[in-house]
Structure formats: structure tokens, C-alpha cells
S.K.: 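Attaching a single structure in C-alpha cells format; questions to follow.
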2 protein chains.
Amino acid sequence: MARRGSYAKGVAKREEILERALEVIAREGYRGASVKEIADAVGLSQAGLLHYFDSKEELFVAILRKRDELDGIRVGADASLDDARDGFLRVIRHNTEVPGLVELFSRMAVEAGDPRHPAHAYFRERHAALRAELLAHAAQIRTTPPMDPDSLVRIIQAVADGLQLQWMLDRDVDMPRIVADLFDALDAREERHG
Amino acid sequence: MARRGSYAKGVAKREEILERALEVIAREGYRGASVKEIADAVGLSQAGLLHYFDSKEELFVAILRKRDELDGIRVGADASLDDARDGFLRVIRHNTEVPGLVELFSRMAVEAGDPRHPAHAYFRERHAALRAELLAHAAQIRTTPPMDPDSLVRIIQAVADGLQLQWMLDRDVDMPRIVADLFDALDAREERHG
DNA sequence: GTCTATAGAATGATAGAC
DNA sequence: GTCTATCATTCTATAGAC
């Protein structure tokens, strides 16, 4: 392994491009959505950037996947319900620090509604994976009356996505606080420890 | 009033264009988002259509406002909490019959995040108005523990918007059912009549 | 009031030099 | 592997005839 050659180099450079793109979009926002914008940001010409990606759409999906990969580390393997809750809130809190990524994500999510869009499969997989993770904890949430677990996880997911739209219109919207309020109202267990 | 002349005619035609555009987008979906697409749909040339609207963005905002106007009639003045609930669910149910409008709305909602976008003011007003309406009923919803009314209405709004994203990815998502489940879980009053 | 024609700008993608 | 140059397309907006 680690053989000298074009392939390994190409892959490494590709990853480097994605990380750099994420940094820039997170910090400076996501204005144009054009390949040129990203190319400038990562220090390549437009053609130079497209050397690593077949198309604009493939590039953006790759950026989102890279973000998931990095965020996945941040969340970690959730054990208890409280840990899952905290992890979820931590991701939301982190999102308030990367407005450009929130915008990119939301924009792609809408465009992915078209089954022919390259991001369609990505978002279906991603949503399903998130719901599966939430579902593992849903049984421990006791609502009155008891709620269908599938509805419960879709609601949590919808609130997270929908609040982002509100937050993009008004940065004063306190996403973590509101999601925490939802959890409290849904989970009517006895007061938790601490 | 009803004077013969260009002004009244222009306004009437403008309204007709908007209604026609809504019908077509609702029925055939919203593919291109271009002025030309709408122009073809309403039976005008691109230049002919832009005779009535200053710009593309103004046109799309006008379409969304027209939709609100027509939907407003559908909801009616809400009296009781149950009526409000039913009205809210009725709008959501209706949305499942106009996928093109859902897509147009979502797309514009994301783009409106930019304060310079012409739809920015529209969405801020619209969101605020909807929350004010919900707020009038929020006090009657008794959650355990009691929830901040502002959080409550933002959650309901977020679920409605977020579920649309899920529904666009998978038309099998039962939006009215899930929102009803949310209402049931939030409002832990005694079982309602009937 | 509506059309044709076109300006003018932006974009994604590709060809080909180095 | 990266660049410059260019192509082909698309889109908004406007000018001007009728």
C-alpha cells in the first residue's frame, strides 16, 4: 500500500479539496453555488477542479458526504438516550457556526426531490440512516398518548430541517433551545438526574 | 369605478396570469423555474409575461402571494382550537395535491435566506403571520412540562416545512398523519369529544 | 399589449498546451 | 495535474416592430 502513483495521489488531493471547500463554505458562506466559486476558494481553476469530479452535482454531493464523515466523528456512538439527545443538540449547535453549509445542505435537499438529481439517492440514504439511528432510541421516549415511533423520528428530523429554514431567515432563532423544548415535551418521563 | 382603460385591464390580466400559473405549476410540477417555462404555461411569450412583472423574482413572489390569498379562503377564520387544528391539517392535506407548489415554495424559502433576495421580506412576513395565528391558540395547548409558546409555534411550523422536504424525497410520507400525531402528543388534554 | 429578435451575462463542460 | 481558451447552452432583460 501507499504505493507511489497517480491514483493514491488523486484520491488524497480529492479529499484535500473537499476539506478545503468545506472550510471556505462554512466560513465565508455559500453565495454562488457555481463550480468557479468553489474552484477559487480551493485555489484551483474551474477546469482544474473538475479534473477531480465528473460534474457539478457530483462535486456538491461529495462535499456533503465529506461533511457527514467529519460530523460523524463529532457525534460519536450514542449509548444512552441522554447521550443521543446531547449528541443531536451538539450537531445543531455546531450548525449555527457554519451558515454556508446549512444553506448548501438545504438547497440541495430541495433540488434532490427530483429522482433524476444526483443528490436524490444521497438524501434518501442519509435521511433513512438518521431515522434508523433515532429509532433505536425512540422506544425509550414515552409520549402521552404513545406515538408511532416512525412518526416520532420523522417529527424530530422535520423540526431540525424546518428550524434551519427559520434560522436562515432570522439568525436569532435559537435552534438548540427549541429542539430541547421539543424533547422535553415529548419525553414526559420523571425529571432526569442532575 | 370599473373605468375602461389600461390600468384596470392590466391588473385583471395580471391576476389571471397568476391564477393560471398556479394551476399549471400545481398540476404539471415546477421543473425549470425559468420565466420562459411559466410564460409557455400561461400562453404568453417570455417578453409578454415580463410586461406584467418587473423581474423574475417579483413574478415568483407574486405567485406565492396569490397562492396564500387563495389558501386563506380555504382555511377560513379559525375559532376553536379544534377548528384551528383541522384547518392546519386541511392545508397540509391539500399540499399533497400540488407537488409543484410545494417545490416552488421550498426552493424560494431557501433562496430567501439572503436578505437581498426579493422573497426575503415576503417569507419573514409570512412566517411571522403564521406564527401569530398559531400563537393565538398555543395557550390552550397544555404540554407537560409547559412549553414556551414561541418554541411551540416554531416547532409546529418547522414540522410542516421539514415534512415537505421528506415528502418530496418520498411521496409515501404521510404528512397529515404525522402532524396529527404531533398535536396529539403535545396536547395532553383529556380525550376530545367525538 | 404582445411579439420577435437580440443583447449581455453566467455557467458547465471540454480541448489541448505545457 | 493544472492551466488557458473556448464552446454551447441557458437565462433574464430590453429594444423595437406591429
Side-chain angles (χ1 to χ4, degrees), chain A residues 2-21 24-25 29-64 103-104 107-108 110-112 114 116-120, chain B residues 3-21 24-25 29-64 103-104 107-108 110-112 114 116-119:
Chain A
R3 226 164 29 88
R4 222 173 53 101
S6 58
Y7 182 62
K9 172 73 182 310
V11 170
K13 176 75 180 189
R14 202 182 127 113
E15 296 305 300
E16 186 199 316
I17 288 172
L18 293 176
E19 285 172 27
R20 183 97 186 82
V24 175
I25 295 173
Y30 166 84
R31 303 199 205 295
S34 73
V35 175
K36 173 149 195 330
E37 295 279 332
I38 308 294
D40 289 349
V42 303
L44 280 178
S45 70
Q46 189 212 153
L49 175 57
L50 281 185
H51 174 72
Y52 294 95
F53 303 90
D54 289 343
S55 69
K56 171 200 178 179
E57 262 97 11
E58 204 223 309
L59 165 63
F60 283 116
V61 171
I63 290 176
L64 292 181
E103 189 190 345
L104 173 63
R107 195 176 282 249
M108 298 283 288
V110 174
E111 290 176 8
D114 185 336
R116 292 160 304 187
H117 194 285
H120 184 76
Chain B
R3 229 165 29 87
R4 220 173 57 98
S6 59
Y7 182 61
K9 171 72 185 311
V11 170
K13 177 76 179 186
R14 202 182 127 112
E15 295 305 300
E16 185 200 315
I17 288 171
L18 293 176
E19 286 173 27
R20 183 99 186 80
V24 175
I25 293 173
Y30 166 85
R31 304 199 204 296
S34 72
V35 175
K36 175 152 194 328
E37 295 278 332
I38 308 294
D40 289 349
V42 303
L44 281 176
S45 71
Q46 189 210 147
L49 175 58
L50 280 184
H51 174 70
Y52 293 95
F53 303 90
D54 289 343
S55 70
K56 171 200 177 178
E57 262 97 11
E58 203 223 308
L59 164 63
F60 283 116
V61 171
I63 290 175
L64 291 181
E103 189 189 344
L104 172 62
R107 194 177 282 250
M108 297 282 289
V110 174
E111 290 176 7
D114 185 336
R116 291 159 306 186
H117 194 285

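Predicted, not measured: the structure shown is a model, and the values here were computed from it. First the proteins, then the strands, lettered A, B, ... as listed; each starts at 1.
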S.K.: How many angstroms lie between atom CG of B:L18 and atom CZ of B:F53, to the nearest 0.5 angstrom?
M.R.: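 Rounded to the nearest 0.5 Å, the CG-CZ separation comes out at 4.0 Å.
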S.K.: Could you write nucleotides 3-18 of chain D as a row of B, S and -, 5' to 3', where a protein heavy atom under 4.0 Å of any base atom gives B, of only sugar-phosphate atoms gives S, and otherwise -?
M.R.: BB------SBBBB---
S.K.: Give the angle between the helix axes at the two ends of the helix from C:dG1-D:dC18 to C:dC18-D:dG1, taking five base pairs at each end and rounding to 10°.
M.R.: 10°
S.K.: List in chain and number order the residues that pass salt bridge (Lys or Arg N to Asp or Glu O under 4.0 Å) with B:E58, two or more places apart in sequence or in another chain; answer none if no residue qualifies.
M.R.: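 In terms of salt bridge (Lys or Arg N to Asp or Glu O under 4.0 Å), with neighbours along the sequence ignored, B:E58 is linked to B:R14.
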S.K.: Tell me whether the side-chain N/O atoms of B:H51 come closer than 4.0 Å to OP1 or OP2 in C:dT2.
M.R.: no
S.K.: Who pairs with A:E16 by side chain to side chain contact (heavy atoms under 4.5 Å, CB included), at least two apart in sequence or on another chain?
M.R.: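 A:E16: side chain to side chain contact (heavy atoms under 4.5 Å, CB included) contacts with A:K13.
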S.K.: For B:L64, give me all partners under side chain to side chain contact (heavy atoms under 4.5 Å, CB included), at least two apart in sequence or on another chain.
M.R.: B:L104, B:F105, B:M108, B:Y122, B:F123
S.K.: Tell me: CD1 of A:I17 to C1' of D:dG1, nearest whole Å?
M.R.: 10 Å
S.K.: Residues in side chain to side chain contact (heavy atoms under 4.5 Å, CB included) with A:S45, at least two apart?
M.R.: A:A47
S.K.: Measuring from atom NE2 of A:H120 to atom CD of A:E57, what distance do you get when rounded to the nearest 0.5 angstrom?
M.R.: 14.0 Å
S.K.: Between B:R107 and B:E111, does at least one N-O distance fall below 4.0 Å, as a salt bridge requires?
M.R.: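 Looking at B:E111 together with B:R107, the answer is no, because their closest N to O distance does not fall below 4.0 Å.
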S.K.: Nearest 0.5 Å, what's the CG-CG distance between A:L50 and A:L44?
M.R.: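 Taking CG in A:L50 and CG in A:L44, the distance rounds to 10.0 Å.
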